[in-house]
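All figures in this text were calculated on a predicted structure; none of them were measured in a lab. In the text below, chain A, chain B and the rest are named by the order of the sequence lines, each starting its count at 1.
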Amino acid sequence: MDGASPVARKEADVAVTVSAQAAAHVQETDIPYSIACSVPSSPSGLHLGACASIVRMATEVSLDTHHHGATAEAPQLLSQTGHPTLTISTEEPWRDRRFDHLKTFSSGSRVERQVSTLHPPAEIEVADSKISEEEEEETGDGDGDGDSENEVPSVDRYFSALQGRELETLRATEVSTLPDGETWPFLLRFPVSAFGMCLGVSSQAMLWKSLQSEPSMAFLHVSPAVNQALWWVSVALTAFVSSVYLLKAVFYFEVVRREFCNPIRVNFFFAPWVACLFLVNGLPRPVAAIHDSHVVWYVLMTPILLLDLKIYGQWMSGGGRRLSKVANPTSHLAIVGALLGALVGLHEAPLFFFAVGLAHYVVLFVTLYQWLGTNDVRLPKELHPVFFLFVAVPSVASMAWARLCGEFGFGAKIPYFISLFLFVSLVVRINLFFRGIRFSLAWWAYTFPMTSVAIATTMYASSVNSLVSRVLAIGLAGIASVTVTGVLVTTMYHAFVRKDLFPNDVSIAIMQRLNKPKHAVAQLARCIL
Amino acid sequence: MDGASPVARKEADVAVTVSAQAAAHVQETDIPYSIACSVPSSPSGLHLGACASIVRMATEVSLDTHHHGATAEAPQLLSQTGHPTLTISTEEPWRDRRFDHLKTFSSGSRVERQVSTLHPPAEIEVADSKISEEEEEETGDGDGDGDSENEVPSVDRYFSALQGRELETLRATEVSTLPDGETWPFLLRFPVSAFGMCLGVSSQAMLWKSLQSEPSMAFLHVSPAVNQALWWVSVALTAFVSSVYLLKAVFYFEVVRREFCNPIRVNFFFAPWVACLFLVNGLPRPVAAIHDSHVVWYVLMTPILLLDLKIYGQWMSGGGRRLSKVANPTSHLAIVGALLGALVGLHEAPLFFFAVGLAHYVVLFVTLYQWLGTNDVRLPKELHPVFFLFVAVPSVASMAWARLCGEFGFGAKIPYFISLFLFVSLVVRINLFFRGIRFSLAWWAYTFPMTSVAIATTMYASSVNSLVSRVLAIGLAGIASVTVTGVLVTTMYHAFVRKDLFPNDVSIAIMQRLNKPKHAVAQLARCIL
Amino acid sequence: MDGASPVARKEADVAVTVSAQAAAHVQETDIPYSIACSVPSSPSGLHLGACASIVRMATEVSLDTHHHGATAEAPQLLSQTGHPTLTISTEEPWRDRRFDHLKTFSSGSRVERQVSTLHPPAEIEVADSKISEEEEEETGDGDGDGDSENEVPSVDRYFSALQGRELETLRATEVSTLPDGETWPFLLRFPVSAFGMCLGVSSQAMLWKSLQSEPSMAFLHVSPAVNQALWWVSVALTAFVSSVYLLKAVFYFEVVRREFCNPIRVNFFFAPWVACLFLVNGLPRPVAAIHDSHVVWYVLMTPILLLDLKIYGQWMSGGGRRLSKVANPTSHLAIVGALLGALVGLHEAPLFFFAVGLAHYVVLFVTLYQWLGTNDVRLPKELHPVFFLFVAVPSVASMAWARLCGEFGFGAKIPYFISLFLFVSLVVRINLFFRGIRFSLAWWAYTFPMTSVAIATTMYASSVNSLVSRVLAIGLAGIASVTVTGVLVTTMYHAFVRKDLFPNDVSIAIMQRLNKPKHAVAQLARCIL
């Protein structure tokens, strides 16, 4: 047995058994049906321990395939055996190799992996083979940041291959590099935007701490237990999501890289740290010792600083990921990280993060208002929950500034009022929001701004203690909690009833490039002349 | 007699008698000359009272037509009867129906109106008939805000059909939907930018209050009477303009809607409220009780808040009216409203408006400096008085911040100095301003920024009481007063001597769409292939 | 002898003797070799005194030509005579007239000069003759600021004719209006960016004054002598560079105008005043009386105010030099001038300059982040030292605000931290900076930001006196000093060893316009149809 993970191997096996026919009708009609001969065996103990929780998920996946596979005899067989999650294939020659180019530890050597990356599977190559030589040279043109390997599509490629506010749908003209008629391995379908769940729940923990501890909300007599319960749930959720994503990073590093290069997804890489910062701020008193710990702060802020240097630097240096190209509402996540860092912390460093966040927020705010980052053609008629991220940054900024100054003065009230206006501005358009938009995990990220504005309002109410401010605080807290509950229920519904919480993540399956339109033009020109 | 207004009816009649021949040569050569059989009768007493001042204006209009009409026998007959303003037509079948599609209460039912809107008069349909089916589907594409009825042209349409800094001239390629050889009914020609007059005069009232009450200006011994006189004049003017525009809104709601969709004009919808805020601030002491009234504030700020939510929301939501498309110097009016709201007022709400105004001002300022809102082709070589609106926002912001803080500190001085620099920057280019630019009512809006900067300077001089600051205050107040006087004289000249103060307002007469260039391209392509 | 300068004349002579053959192979092959009959004589005493230092430079130039000229007999003869710098030509008919159209005082009358400007030398006219009539009318279209003479190329022309981050290279499709096979007269090759040297050295003087006087740096016991030595060197350097450039302005005013219209170079016109402001701030105590002199401040700030009015006004008024067209990192120099003015000074005026600088900095910062000023096609893959100018403005702003407030508070710390972040963001990409970028005098301008951030850090360390801040201050001061030393050495190397410190300045040699691409399109269209 080689270094490949038993879990990943298993999933690949499950997938291949189901998708044989599906894959067949994609491209090659001559390949005979391959039946997977899964040899049930026990994985190594070490892996079993680490992946305990994955196993259950994976079981769902294999069950899930029942609903999708056209000819699902093999999986039925699998589930009849009683322990489908432990099936591990040996090195059969007919093993499913279609996901190998994304695996960190594939069966072959690293060299083989690189070769397989350069030579994608046959069905892809057919579509790819027409790309002329000069296009090869263009690869990575738009980067300007030195990390332009051939393997990762450029930002332009993402925009041209995908559509939707979250770039979540493949365009009609595109061919997926992964089999699109079946369900992929679970880890491949687990997007980084799943950290949105952590954001939503951990910010709720902080909100309920505010409702309990802010003087203006004392009349509510909120029990500390709510905060504690939410906090521990958040911790558990964050730990779980982090573990799964860590596994993805280990076994499918290539996919993580592709998510990092995706102009929408890259912003979600801030989410884990933002969630942790919410946790630190929402800390119940019994565990409050952590709050004053310098170590926690340094541990959390180092990755945020590095990400800031990376992301903001790319905005500035003007390559393919310059701001006017990649700006979109999720970019706010990159700012929230810096500003929340200002909320926790020590003497001068919080101000550093506040200053950096502020400077880039101004740039982002102006750019988004100007809609530079988005081509006209991609503008759908309806709004999108993603817009609520507009509210997040000013509300977090107001909290951060109040913390830095020690009082909720003008400097805190101005961003607070801006966030309030933006919130109202979105709420009056609420009927435009949920028109024909597919639920996705990312929605969680779009709900935490409501929680942020509610927390800021409780702080504002403590400073300006009037009836209006208190009603506002309670109202916004109510909206935020109801929204999070609603999204939670929807998530449960999609996870357990419809079982489509984790659809195939097409954004990792786009090819490096496609036949460009200029070919058509050239052909037309030739035809004319 | 049906529900149609006698005034509106009368105007239409006057128009039709004069324009018979003019209309004839526009499109249909087969229609015999129609002579209006006006039946003199008394309008209902209620309308007569409300429209007292309109009557005089309308008389001017009918006199005005003498100069324009080619064959003006009928109007001469009309004026010989001695009471032309009271002529009301009965329901003749040959009644002029060319303005019906703009009327709120046309002779037919509402359904008929809608039908007539969908089927514009014959001469329009001829030009319109070539629009292919697929273009119909494109209607309202660029909106993204849900209010895209078929009837109102899109923002792109306004830009493509009109030209000039104020979009006040029809392009050569366009066909007007209204008869362009004659003078239209008065209400159709009364633009929302007429509120600019209120801005100019009411800001002068505030300036003279400052000159009288600011400690730094005490040595001038300005009489309170100046402020009082200007204030009452402003009140009267604002009331008059508001009444007339209200009548327009009642009788030609469609036209008001078209003005609201015009990317330039929409900003003037802030003007009435801004003028009222100037009035509240310029209040002479005898009536100063109003100043402290909460009711006045709420009455004035509610429409501004609603407009802000509408306009700023459209900037943000990224449809056809997104900022990078509609930004132009008149957009400053949308900010001034919010900031002036911060000048009057109570405890926290002024700061709310200040924050909202500030955030959007930064966006607007950057966007205007980048000249994103304007295509290159539309850039005339000369500057335009509209640029003085650049000065308005920072000077109002400095006043507002000084009021919020209780002193003219750094926060007030910085915007003040910015406005001063912008003012000087424009004044040194003054020779470029009045080169071949047609006077229009909108000029009034371009003069109030000078008054604003003068008021801010008197406040600054009270804070920094030096010779330089006092000379500056007197100098700027002088420039502002002279300019307003000059514009007043010009207005009088155009109103009473040249009688062209209210020319035909072509911007309401553009068609929904025109044969698009792509047709030409397609034709060329077909011709080539 | 006419009014022309002996120095300029001499240089032209030296040039012509060398470049006879070079010029011949450019265009005209029929012209026989012309040998310069230089008549040694003494220039007027006045000029001799003023140009003392130029003489040595000019000698280098003539020596320099040895390495470049193909047939260098004549210069050798010249240098053998022992006093080649004093050779002055009389009015020979075969005098080199190729630089005459750039001279302020050419041999003919002013009218002749203008004629010669309109009719450039033969080899230019050949390339120019194909420009059709309608293109003549387009000249100066994009200006909008009233100073669009025919003679100076438009901003678009600079962008289309030149390439590189500093627009320092002629594109392959361009023909130079000056002989490109030889070395031009020294003054023609002395660019305004030479003032960058003054910036680098004078900011060092200020840094060492800070290291000596700031309380936080007292433990270093820096000797005042370092500051004094650097200051006097800076004064001498600034005086020298200013004198030479003044000579250029006198004798080749047309060239200075062309540099002023160059979108990159125009920003360097702030450099002399910025350098002087550094000098005033870096003033050693023995001569500190100057610091408090109002006269010095007014003398320095008047040109900056005028330049600000000119440059910022052009950004705003939206002509061919509007911000979204000309924005580039060197535009920061235009802001630094205003902010440094805030550092020196009196009561209110510094705040005026701070406000003006701040407002335009926000606009510039956003615009540069959005990369509006640069077309995609012109984006090289590697970064450039010019990016360090990003660091300059916020660090100077933090110093200015600290001086205005009297303490290094939040308002100073926020810009300071922004500059620190930007600095780190650039340093981590340092390996991208020096990849294939040619050294030029402009590099000096790119090094002074490091010095600025070091000075700001010493001030910060005095406010927040911790180990970290002191280490940071010393580290940054070290980096700045080492960098300046490195650039100094490189400059010396290029000046004395490679003798290419002042290469031909192609940006002054571009033609007004070239055959536009539309001609090609039209030709293609004709060919198709």
Asker: Checking B:Arg265 against B:Phe260: charged group under 6.0 Å from the ring centre and within 45 degrees of the axis?
Answerer: no

Asker: If we ignore angles and hydrogens, is there a donor and acceptor under 3.5 Å between the side chains of A:Ser216 and A:Ser462?
Answerer: yes

Asker: Please classify the contact of A:Val464 with chain B as side chain, backbone, both or neither, using a heavy-atom distance under 4.5 Å.
Answerer: side chain

Asker: Is it the case that the ring center of A:Trp315 lies less than 6.0 angstrom away from the ring center of A:Tyr312?
Answerer: yes

Asker: Which label fits A:Phe387 and A:Phe390: parallel for a plane angle under 30°, tilted from 30 to 60°, or perpendicular past 60°?
Answerer: parallel

Asker: If you count heavy-atom pairs under 4.5 Å with chain B, which of A:Pro415, A:Ser466, A:Ser425 comes out on top?
Answerer: A:Ser425

Asker: By a 4.5 Å heavy-atom criterion (distance strictly below it), what part of B:Leu358 contacts chain A: side chain, backbone, both, or neither?
Answerer: side chain

Asker: Between A:Val362 and chain B, with a heavy-atom cut-off of 4.5 Å, which part of the residue counts as in contact: side chain, backbone, both or neither?
Answerer: side chain

Asker: Between B:His360 and A:Tyr369, is there a side-chain donor-acceptor contact under 3.5 Å, judged purely by atom types and distance?
Answerer: yes

Asker: Heavy-atom distance under 4.5 Å to chain A: side chain of B:Phe354, backbone, both or neither?
Answerer: side chain

Asker: Using non-hydrogen atoms only, which part of A:Tyr460 is less than 4.5 Å away from chain B: side chain, backbone, both, or neither?
Answerer: side chain

